[in-house]
Amino acid sequence: MNPSFSKVHLSTSGKAAITSLYVILIMVTVLGNLLVVRAFSKFANLRTVSNTILVSLAVADMLMVFVFILHITNIQFPRLRPPHQLCSVASMLNLAVNAIIILHLALISVERFLAIKYALSYHTLVTHRRVIIASAAVWFWGISISMIFPLSLKADGLKTFTEFLQGLTPCFVSEEPFFLHSESVQAYLVFLVVALLVMPIGIIVTSYSYIFSVAWKQRIKIQDGQNLHLHKIFRRREMKGAWTVAIVVGLCLVSFIPLLVTLCLHFLNVTTVKIHQMHGVYFAASMNAWWNPLIYCWRNESFRRNIKRLLKCCPHHSRVDGRKR
């Protein structure tokens, strides 16, 4: 099997359209996540344990900008350097950033699970120090497993490492059906997919399923009572929480399940995966970089209010806070 670089021929208008899309994504990603970081650093009431994880996630989201820039460079300047090298760097960085993002989403789901399951001892279990350690571990694990550990495959020869890239990225294509000849590559690819996709998705779905079930039980208890005013208040809060859970889980599945399925179909040789399909599932996963701030912050009342103040959309609140001081 002689893999060759996958060439996708685009017209001038096609290049302009894709480049414009990436430029828009860069601006939205940077703006949304910078607002999150800036609001966290400016307003003391936002410096909570859970928001510390959100800020770490925002930093990871902003790293996706480098992936977008590499894709733009690859499209606009294909002869700048060997195309497969630029594509490989972009794809491996894309995988690493997506790994860090989904691990953060799993960490957030565990934090929310602990807040619901152990409400009375939550502040004892989940401290700033432990959250910082957990966030650092997420960064270390995501980078190590996706970018550092695979370099050990080069010890078996460049052909083995190229086969690893061929199984994981859209950068190489062969006229023949794709087969993994190296058992070490196949074992590591399976481990990679399980550690970075299967387990985090399972944690996210399990945690939010428990949260939703608790909200549902609380609703039934209140319906059985006679306090209609309390029922209305809780119902509004419950519906907002339920919608947030649905959005989080839904977008996570929409983003990462296609990548999981496509990679498995590809390197397990269940069916032939086209180059545009590989690019498509990686692109879908990278969308988390700009909609994470919308989900976790815009639906968070404290974040939303303070971001509006940051943008000077609520001057009245600023004057009131100034008088209080």
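Atoms considered below: every heavy atom in the structure, side chains included; atoms not considered: hydrogens, waters and symmetry mates.
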Subject >> Flag side-chain contact, heavy atom, 4.5 Å: Ile69 against Tyr22 >> reply: no

Original post:
Between Arg47 and Phe40, is there a donor-acceptor pair closer than 3.5 Å when you use the side chain of the first and the backbone of the second?
Top reply: yes

Original post:
With no hydrogens and no angle check, is any side-chain donor or acceptor of Asn51 less than 3.5 Å from a backbone partner on Leu46?
Top reply: yes

Original post:
Of all heavy-atom pairs between Leu107 and Ser135, which one has the smallest distance, and what is that distance?
Top reply: CD2-OG, 3.9 Å

Original post:
Just wondering, do Glu111 and Val131 contact through their side chains at under 4.5 Å, heavy atoms?
Top reply: no

**OP:** Establish whether Phe140 and Ile148 are linked, either directly or via other cluster members, by ILVMFWY side-chain heavy-atom contacts under 4.5 Å.
**Re:** no

Subject >> Where Leu196 and Ala99 come nearest, the two heavy atoms and their spacing >> reply: CD1-CB, 3.6 Å

Original post:
When clusters are formed by joining ILVMFWY residues with side-chain heavy atoms under 4.5 Å apart, either directly or through shared neighbours, do Ile108 and Tyr118 land in the same one?
Top reply: yes

**OP:** Keeping the roles fixed (side chain from Arg112, backbone from Ser207), state whether a donor-acceptor pair exists under 3.5 Å.
**Re:** no

**OP:** Output yes when a side-chain donor or acceptor of Asn33 lies under 3.5 Å from a complementary backbone atom of Pro293, and no otherwise.
**Re:** no

**OP:** Taking the side chain as every heavy atom from C-beta outward, state whether Met92 and Phe164 have any pair of such atoms under 4.5 Å apart.
**Re:** yes

**OP:** Could you tell me whether the side chain of Cys264 reaches within less than 4.5 Å of the side chain of Val193, counting heavy atoms only?
**Re:** yes

Original post:
To the nearest 0.5 Å, what is the distance between CG (Leu95) and CD1 (Ile100)?
Top reply: 10.0 Å

**OP:** Verify the distance criterion only: is there a donor paired with an acceptor across the side chains of Ser91 and Asn94 at less than 3.5 Å?
**Re:** no

Subject >> Matching residue for Val138 among Ile133, Leu103, Leu105 - test: side chain to side chain contact (heavy atoms under 4.5 Å, CB included) >> reply: Leu103

Original post:
Heavy atoms, side chains only, cut-off 4.5 Å: are Thr262 and Leu259 in contact?
Top reply: no

Original post:
Between Ser144 (side chain) and Trp141 (backbone), is there a donor-acceptor pair under 3.5 Å?
Top reply: no

Original post:
Would you say Phe113 has more than 12 foreign heavy atoms packed within less than 6.0 Å of its CZ?
Top reply: yes

Original post:
Shortest non-hydrogen contact from Ile145 to Ala195?
Top reply: CD1-CB, 3.5 Å

Original post:
Take atom NE2 in His128; do more than 12 heavy atoms of anything else shown fall under 6.0 Å from it?
Top reply: yes

Original post:
Do Leu25 and Phe283 come within less than 4.5 Å of each other through their side chains, counting heavy atoms only?
Top reply: yes

Original post:
Going from OG on Ser109 to CD1 on Ile53, what distance comes out if it is rounded to the nearest 0.5 angstrom?
Top reply: 9.5 Å

Subject >> Heavy-atom pair of closest approach, residues Asn288 and Phe256 >> reply: ND2-CE1, 3.3 Å

**OP:** Looking only at non-hydrogen atoms, find the nearest pair between Ile102 and Pro200 and report the distance.
**Re:** CG1-CB, 3.8 Å

Original post:
If you take all heavy atoms of Trp291 and Ser255, which pair is closest and at what distance?
Top reply: CZ2-OG, 2.8 Å

Original post:
Cluster question for you: counting only ILVMFWY and a side-chain heavy-atom cut-off of under 4.5 Å, with indirect links fine, are Met147 and Val190 together?
Top reply: no

**OP:** With rounding to the nearest 0.5 Å, note down the distance linking CG in Leu93 to CZ in Phe68.
**Re:** 10.5 Å

**OP:** Answer whether the closest heavy-atom distance between the side chains of Leu54 and Phe303 falls below 4.5 Å.
**Re:** yes

Original post:
Is the backbone N or O of Arg130 less than 3.5 Å from a side-chain atom of Thr127, with the two atoms forming a donor-acceptor pair by type?
Top reply: yes

**OP:** Find out if a path of hydrophobic residues (ILVMFWY) with successive side-chain heavy-atom gaps under 4.5 Å connects Phe149 to Leu189.
**Re:** yes

Original post:
Taking the side chain from Thr29 and the backbone from Ile26, do they hold a donor-acceptor pair closer than 3.5 Å?
Top reply: no

**OP:** Begin with the C-alpha distance, continue with both residues' side-chain angles, and end with the deciding distance and a verdict on side chain to side chain contact (heavy atoms under 4.5 Å, CB included) for Ile143 and Trp139.
**Re:** CA-CA 6 Å; Ile143 293 173; Trp139 279 89; 4.2 Å; yes

Original post:
About how many Å separate CG of Leu251 and CG of Asn292, when rounded to the nearest 0.5 Å?
Top reply: 8.5 Å

Original post:
Taking atom CE of Met62 and atom CG of Leu57, what is their separation to the nearest 0.5 Å?
Top reply: 10.0 Å

Original post:
Linking I/L/V/M/F/W/Y whenever their side-chain heavy atoms sit closer than 4.5 Å, directly or via other members, would Ile132 and Val37 fall into one cluster?
Top reply: no

Subject >> His104-Ser56 side chain donor-acceptor pair, cut-off 3.5 Å >> reply: yes

Subject >> Approximate separation, where rounding is to 0.5 Å, of Arg38 CZ and Leu311 CG >> reply: 11.5 Å

Original post:
Do Trp290 and Met64 have side chains that get closer than 4.5 Å, going by heavy atoms?
Top reply: no

